[in-house]
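All of these numbers come straight from a predicted model, not from anything done at the bench. Below, each value reflects all heavy atoms present in this structure, side chains not excepted, and no hydrogens, waters or symmetry copies.
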Amino acid sequence: MIRGLWTAASGMVAQQMQTDVVANNLANTNTTGFKKSRANFQDVMYQTMLVAGAITPGGGQIPSGIQVGLGVRPSSVQKIFTEGDYTQTGNDLDFAIEGRGFFQVMHNGEPLYTRAGNFTRDSDGFITTPAGDRLQPEIAIPPETILITMQSNGMLTAHGPGEEILLQEQITLFNFINPSGLFAMGQNLLRPTEGSGEAIEGIPGEDGLGTLANNYLEMSNVSVVEEMVAMIVGQRAYEANSKSVQTADTMLGLANGLKR
């Protein structure tokens, strides 16, 4: 059997995954706080037919051996936590993190984390995500509030009529030693894992955490141009691997035809 047939097939599978990852990035170009993913690959085992450094019968030494690789496989799909573009919205409850950090929200009784700061209020006045997950620590905005402001250190103030201050609460951020280890839940939510480490709470602007800005949103960090180039490269690599499969098939056909 020609090894290249299976080797090229593994390349086609890898490039298919690359295209899947790029397609998901492109689909989320306009998703608030979305972080793009990158597929990483590694070569698989090698068939060794001659070991480098072996001594020949004449007393010489083989300078380089013979190893034939048997393909490629995915090693990880890694989240890239570079900052996205920021857009001004004019909405009092739109918060953007400038730098490192995540908001903590309560989802079905479980604390999860997000970079999406497009918050709103529920019927009880609590600040929530569009899906109804309350920001942690919980903050209830008084119904008499006519203006909400927030300082870069996360101190939120609700103003009432006549410059009355109705509420002042501190919004905190959370950080992880390895954010790439977070488990993506969908709905802009991330769950800690053993790989990410425990969440570390802090005040915005302190201990390496980013600062906060209201009336702004952080958009996706996806670059459409970069993703289109990656898709073209993946498509061409897939095509090249398919050519290898065709070539191996042609060689097998020639071998089968030798007896005619």
Side-chain angles (χ1 to χ4, degrees), residues 4-44 69-87 89 94 96-98 100-103 105 107-108 110 112-119 129-133 176 178-196 216-249:
L5 190 63
W6 303 106
T7 301
S10 72
M12 293 178 71
V13 172
Q15 297 310 319
Q16 181 178 329
M17 171 169 283
Q18 166 72 3
T19 302
D20 291 343
V21 172
V22 170
N24 186 58
N25 289 341
L26 286 171
N28 285 284
T29 300
N30 291 321
T31 301
T32 303
F34 175 80
K35 298 303 177 188
K36 65 182 178 183
S37 298
R38 179 182 65 195
N40 296 315
F41 301 96
Q42 63 184 13
D43 53 356
V44 295
L70 300 178
V72 61
R73 66 183 174 191
S75 59
S76 67
V77 176
Q78 178 183 5
K79 281 283 186 186
I80 307 298
F81 282 92
T82 57
E83 291 182 46
D85 294 334
Y86 294 91
T87 181
T89 64
D94 282 343
I97 303 172
E98 299 178 275
R100 301 189 65 177
F102 299 85
F103 298 108
V105 297
H107 178 78
N108 295 333
E110 178 185 11
L112 299 178
Y113 301 87
T114 181
R115 290 278 300 190
N118 52 337
F119 294 105
T129 67
D133 300 328
F176 296 89
N178 175 31
S180 295
L182 291 169
F183 181 82
M185 301 280 295
Q187 304 179 52
N188 288 336
L189 299 175
L190 299 162
R191 172 186 287 158
T193 67
E194 292 291 333
S196 67
Y216 282 87
L217 279 181
E218 181 190 15
M219 302 306 294
S220 162
N221 66 348
V222 173
S223 167
V224 174
V225 173
E226 290 178 2
E227 298 303 323
M228 290 302 296
V229 171
M231 179 170 286
I232 291 170
V233 171
Q235 178 187 353
R236 290 302 184 186
Y238 187 92
E239 183 179 350
N241 279 285
S242 71
K243 293 292 185 185
S244 296
V245 172
Q246 290 176 354
T247 301
D249 179 57

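At distances below 3.5 Å, not a single donor-acceptor pair connects side-chain atoms of Ser76 with backbone N or O atoms of Gln78. Not a single donor-acceptor pair under 3.5 Å links the side chain of Ser196 to the backbone N or O of Pro192. Between the side chain of Asn241 and the backbone N or O of Ala237, at least one donor-acceptor pair lies under 3.5 Å. Between the Thr193 side chain and the Leu182 main chain, no donor and acceptor come within less than 3.5 Å of each other.
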field: Intermediate values then yes/no, side chain to side chain contact (heavy atoms under 4.5 Å, CB included), Thr114 and Val105
entry: CA-CA 8 Å; Thr114 181; Val105 297; 4.2 Å; yes
task: Kindly determine whether Leu190 and Phe102 satisfy side chain to side chain contact (heavy atoms under 4.5 Å, CB included), including the steps that lead there.
output: CA-CA 9 Å; Leu190 299 162; Phe102 299 85; 3.7 Å; yes
- request: Start with the C-alpha distance between Thr87 and Glu218, add both sets of side-chain angles, then the distance that settles side chain to side chain contact (heavy atoms under 4.5 Å, CB included), and finish with yes or no.
  value: CA-CA 7 Å; Thr87 181; Glu218 181 190 15; over 6 Å; no
field: Verdict with reasoning, Ile97 to Tyr216, per side chain to side chain contact (heavy atoms under 4.5 Å, CB included)
entry: CA-CA 9 Å; Ile97 303 172; Tyr216 282 87; over 6 Å; no
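Separation of atoms OG (Ser10) and CG (Asp43) is listed at 10.0 Å; rounding is to 0.5 Å. The structure places CG of Leu70 at 5.5 Å from OG1 of Thr7, a figure rounded to the nearest 0.5 Å. One finds the OG1 atom of Thr129 at 10.0 Å from the CG atom of Leu112 (value rounded to the nearest 0.5 Å).
Here the shortest heavy-atom pairing between Ala116 and Asn188 reads CB-ND2, 3.7 Å.
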Solution key, residues 11-22 side-chain donor-acceptor pairs under 3.5 Å, sequence neighbours excluded:
| from | atom 1 | to | atom 2 | distance (Å) |
| --- | --- | --- | --- | --- |
| Thr19 | OG1 | Gln15 | O | 3.0 |

Anything under 3.5 Å between a donor and an acceptor, one on a side chain of residues 219-227, the other on a protein residue two or more places apart or in another chain? List them.
| from | atom 1 | to | atom 2 | distance (Å) |
| --- | --- | --- | --- | --- |
| Ser220 | OG | Asn28 | O | 3.4 |
| Ser220 | OG | Val222 | N | 3.0 |
| Asn221 | OD1 | Lys36 | N | 2.8 |
| Asn221 | ND2 | Ile80 | O | 2.9 |
| Asn221 | ND2 | Thr82 | O | 3.2 |
| Asn221 | ND2 | Thr82 | OG1 | 3.0 |
| Ser223 | OG | Glu226 | N | 3.4 |
| Glu226 | OE1 | Lys36 | NZ | 3.3 |
| Glu227 | OE1 | Asn25 | ND2 | 3.2 |

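No side-chain heavy atom of Val72 sits under 4.5 Å from any side-chain heavy atom of Val44. A 4.5 Å side-chain heavy-atom check between Asn118 and Thr89 finds every atom pair outside the cut-off.
Among Arg100, Arg115, Lys79, the single residue meeting the side-chain contact (heavy atoms from CB on, under 4.5 Å) criterion with Pro179 is Arg100.
Gln42 CD: more than 12 foreign heavy atoms inside a 6.0 Å radius.
Centroid-to-centroid, the aromatic rings of Phe183 and Tyr113 stay 6.0 Å apart or farther.
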